[in-house]
Undergrad: 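Dumping the structure here so I can ask a few things about it.
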Amino acid sequence: MASVLHAQLATPSKLNHSWRRTLAPDSLASTSSHSHSSSAATTSKGGGNVVSMPIIRCNAQAAPGAVNLAPGTPVRPTSILVVGATGTLGRQIVRRALDEGYDVRCLVRPRPAPADFLRDWGATVVNADLSKPETIPATLVGIHTVIDCATGRPEEPIKTVDWEGKVALIQCAKAMGIQKFVFFSIHNCDKHPEVPLMEIKNCTEKFLRDSGQNHIIIRLCGFMQGLIGQYAVPILEEKSVWGTDAPTRIAYMDTQDIARLTFIALRNENVNGKLLTFAGPRAWTTQEVITLCERLAGQDANVTTVPVSVLRLTRQLTRLFEWTSDVADRLAFSEVLTSDTVFSVPMNETYNLLGVDAKDIISLEKYLQDYFNNILKKLKDLKAQSKQTDIFF
Amino acid sequence: MNSASTALTPSIFGNNNLCNRKWREISLPHSSPPPGNGVRLFVTKATSPSSSAPETDKKKKGQLKRKNKNKEKDDEKQDEDKIQASIQQQQQTDLSSSTSSVSAIKSTLDDVNPVGLGRRSRQIFDEVWRKFSGLGQISRTTRTEDDESGLLMREGGPMCEFAIPGAQNTTVLVVGATSRVGRIVVRKLMLRGYTVKALVRKADQEVVDMLPTSVDIVTGDVGESSTLKAAIEGCNKIIYCATARSSITGDLNRVDHLGVYNLTKAFQDYNNELAQLRAGKSSKSKLLIAKFKSADSLNGWEVRQGTYFQDLVVAKYDGGMDAKFEFTEDGDAVFSGYVFTRGGYVELSKKLSLPLGSTLDRYEGLVFSVGGNGRSYVVILETGPSADTSQSTMYFARISTKIGFCRVSLLTLSKGKQNSGATKISFYMFICTIFVLITFSLQIKNMHVLIPPFLYQVRVPFSSFRPVKPDDPPLDPFLVHTLTIRFEPRRQKPIEGPTGPKQDLRSFQLILEYVKALPTGQETDFILVSCTGSGIEPSRREQVLKAKKAGEDSLRRSGLGYTIIRPGPLVEEPGGQRALIFDQGNRISQGISCADVADICVKALHDSTARNKSFDVCYEYVAEPGKELYELVAHLPDKANNYLTPALSVLEKNT
């Protein structure tokens, strides 16, 4: 694994020379094809379980003093590009940005069902694909800040978007003189190199730092929004809830709060080049979250607890075969789960730096309570309606 | 399991997996009465929309069969947690696949169909695997494309931080939707769930791309009142952030003055039209109390004299007083005279006769259209039994009038008439045109003599009336029967201006055009983004401000609930970063971000404290030492705290 990443990390640095020579899109295309082939060559070797920190020698100083392609027209500081705008966090970022008066452009993959909701809110949608680097430069014209909250979908190979795409995006941003690059990473990603996604995030952080691009890296722990689909809805629907007995604690945070803090950080010149970690007010285990949901919903959950050891075993098994290596990657977090990690950081310093009041950050209890109150009320209304129709018929 | 809730939950939550979606489809038409007693759960799910009466027996058989099958499965259930879950899944898929076929019998046959079994087992495996591998995730929410709409519904609903309760039933017309402030206003409104109409001059691709897709774009021009009818239809509120593109006087007048006037008129017309459909009177139109347009209209108004002091000593200082109320040959009703007696006053009084069915309690104040030489007057309202005036209670409020004549605006208006007339006239009428032009210019010359004094509106809310005897209860507009306008030489302030120092404060002249009652309302109807004048190039500042002022005035006298926002020079930067100052009296000097102005517009829509207020707003700044003249009210805009209400509640109304 490490060797794979190592090879990939080396490619961009090599390619930077060609980057420096020309900025024409065709060279970019060749860049992508090159790195594609190299990754294709190396992934076949993939699945090796050597876990060590790769030495990164990618110095992106190849593009000195950001080449501004349009020196005549100054870029307005309110124009931002959001990558991954349809995601859980991305859409909150877009909403927040629009409400604060930014002109938001969203980089969205071309697909049959376009993300109409973004256009409905007033954002501009441009079609591009991080896995096709030749589509990137056009989207960056006239952009002041890039906010990157994209992550590849679980069903697709993790490297195309999360590594190659990101590298291309950062190089492009650097070359086109983007003023600020905000990158979302995962907390503790430097401590778990055995998990591919975390390893990639860690490498991207390093690549960004070495690129010389003005940036902010924000590490996140967990989203409260994810808990709704995972626990709250199944409990309300009286279906079985799957949980682990892992002792891992995660400080879940509301994505709306993350978006708010992100923009405060974005405007704060003191944060430039720093690494921030956003964590919720309290760290929770899975069991605690389920108990909380049960209490708020007023009904017992049908909990199916899967021991972490089973997960781990499955991962070990799936790693034996090449054709199940993707599966193994998806289960990789089980390694993190078995460890007694706490995904949380004290936030006082960050609050002080950003000038935010800790009271304004919503707690998980409050969040879930609001959710259940609203849903239960809606349910009651709907029930009343359905009763009426019964009588009517 | 409650079938109703089961059936309804999927439609709310928007489910993640395939099985559930199928389940949703079938379980929705469950309104037909459940035939079984013990097997209700299955019946509910198995009832297909196409099922008819003869089939019910067969179906029952099928259900029984399956029930047995389920019983068998129940025995296995004790084995292991994992298996249990998978069987539950199987039951679900079982049901969903069976019911998607036409009849229940067929579905039982499907159970033994190897292809169906294989498919089902795969579904089960996929589902279990999805859940299982989901456990290995930390912060990634796995989501398929299809449930996007479901999630959106959830986020747009109660969980959305921006959603406002009143937004769904409110349609807002944004005028100047492509302006710096307007663009952000539109986005903010969309995020909050309002229905938005945007008035644009030309709906070309560039403009359409700039606006959110579900905004209703209407083409029209505020300068052309005929184009506004379609735009205003269905709107409850207006946010006006259009501004003239140039500082040419004609352009300024068209957008900043006439535009506002036309739009208020169109809005009032629309409200009246709606009210007529309901066979009523628009709650937003004013009530005419008195209009002085002919000599007859002066009937019923009584001129009286009096003194506050009853003792004889005063008589020594009696310099005499006189007053008359007459209709001049210029067409003005003038109340004029002098009061030299110390403690004396003259007043003009009338018993009110309101139209049948209207009472003053549905109104919140009076508006006087007046002119004159700038004295202040006391307006007195009498309440109580109208037959016996000795029992009536008196309430008073002081109004001050301004001096001034406005020749310019009138002249430009007649010029406008000339132009529009000229364009309509064809070649054959060319000579006639010249003739018309000559007559017009002659008229204008005459008008110099005939120009009526500049009339303007003084708004007096009922809340500002105080009882003459402090012990009396506050004014109840319902009981008002007499209106009096009193002049007294006390507390008159000399006015700066061309009249010079020679003015005698004991003489007065008051020109009255009309007295109307202003309708009450909770919220503002019309938000106008004006400007303070700082930041405009000095040579054109006066013209710009004059046009803006005229627009503001036409809004104030329309009777609509208004909010006039006068921001400092606009800055294009994100909002919500710096504290804001709300002030009245043109004292601010700082700029403000467009986004903050937009935020104030949107917040003011449902804020009762914003109704009928004009205010200046800018970023907070540190006053120079020695110049801290007034207390600053600074408020940091943020989603959590409503800064607007406290900031505006200290500001004066009806300004």
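Given the structure is predicted, the values throughout are model-derived calculations rather than measurements. In what follows, every heavy atom counts, from backbone to side chain, and hydrogens, waters and symmetry copies are set aside. Proteins come first, then strands; the chains are lettered A, B, ... in the order of their sequence lines, and each starts at number 1.
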Undergrad: Looking only at non-hydrogen atoms, find the nearest pair between G575(B) and R267(A) and report the distance.
TA: O-NH1, 4.3 Å
Undergrad: Begin from the C-alpha positions of L191(B) and L98(A) and carry the test side chain to side chain contact (heavy atoms under 4.5 Å, CB included) through to its verdict.
TA: CA-CA 8 Å; L191(B) 282 176; L98(A) 286 171; 4.0 Å; yes
Undergrad: Tell me, out of C594(B), A598(B), P574(B), who's got the most heavy-atom pairs with chain A below 4.5 Å.
TA: P574(B)
Undergrad: What residues of residues 180-190 of chain B sit under 4.5 Å from chain A when you count only heavy atoms?
TA: R183(B), I184(B), R187(B), K188(B), M190(B)
Undergrad: CZ of R119(A) to CG of D209(B): how many Å apart, nearest 0.5 Å?
TA: 9.0 Å
Undergrad: Non-hydrogen atoms of chain B under 4.5 Å away: do they reach the side chain of N373(A), the backbone, both or neither?
TA: neither
Undergrad: Please walk me through it: do M210(B) and T124(A) pass side chain to side chain contact (heavy atoms under 4.5 Å, CB included)?
TA: CA-CA 8 Å; M210(B) 204 188 271; T124(A) 320; over 6 Å; no
Undergrad: Please identify each residue that fulfils side chain to side chain contact (heavy atoms under 4.5 Å, CB included) with A265(A), with sequence neighbours left out.
TA: V271(A), L276(A), L354(A)
Undergrad: Looking at W121(A) and P212(B), what are the two nearest heavy atoms and their distance?
TA: C-CG, 4.1 Å
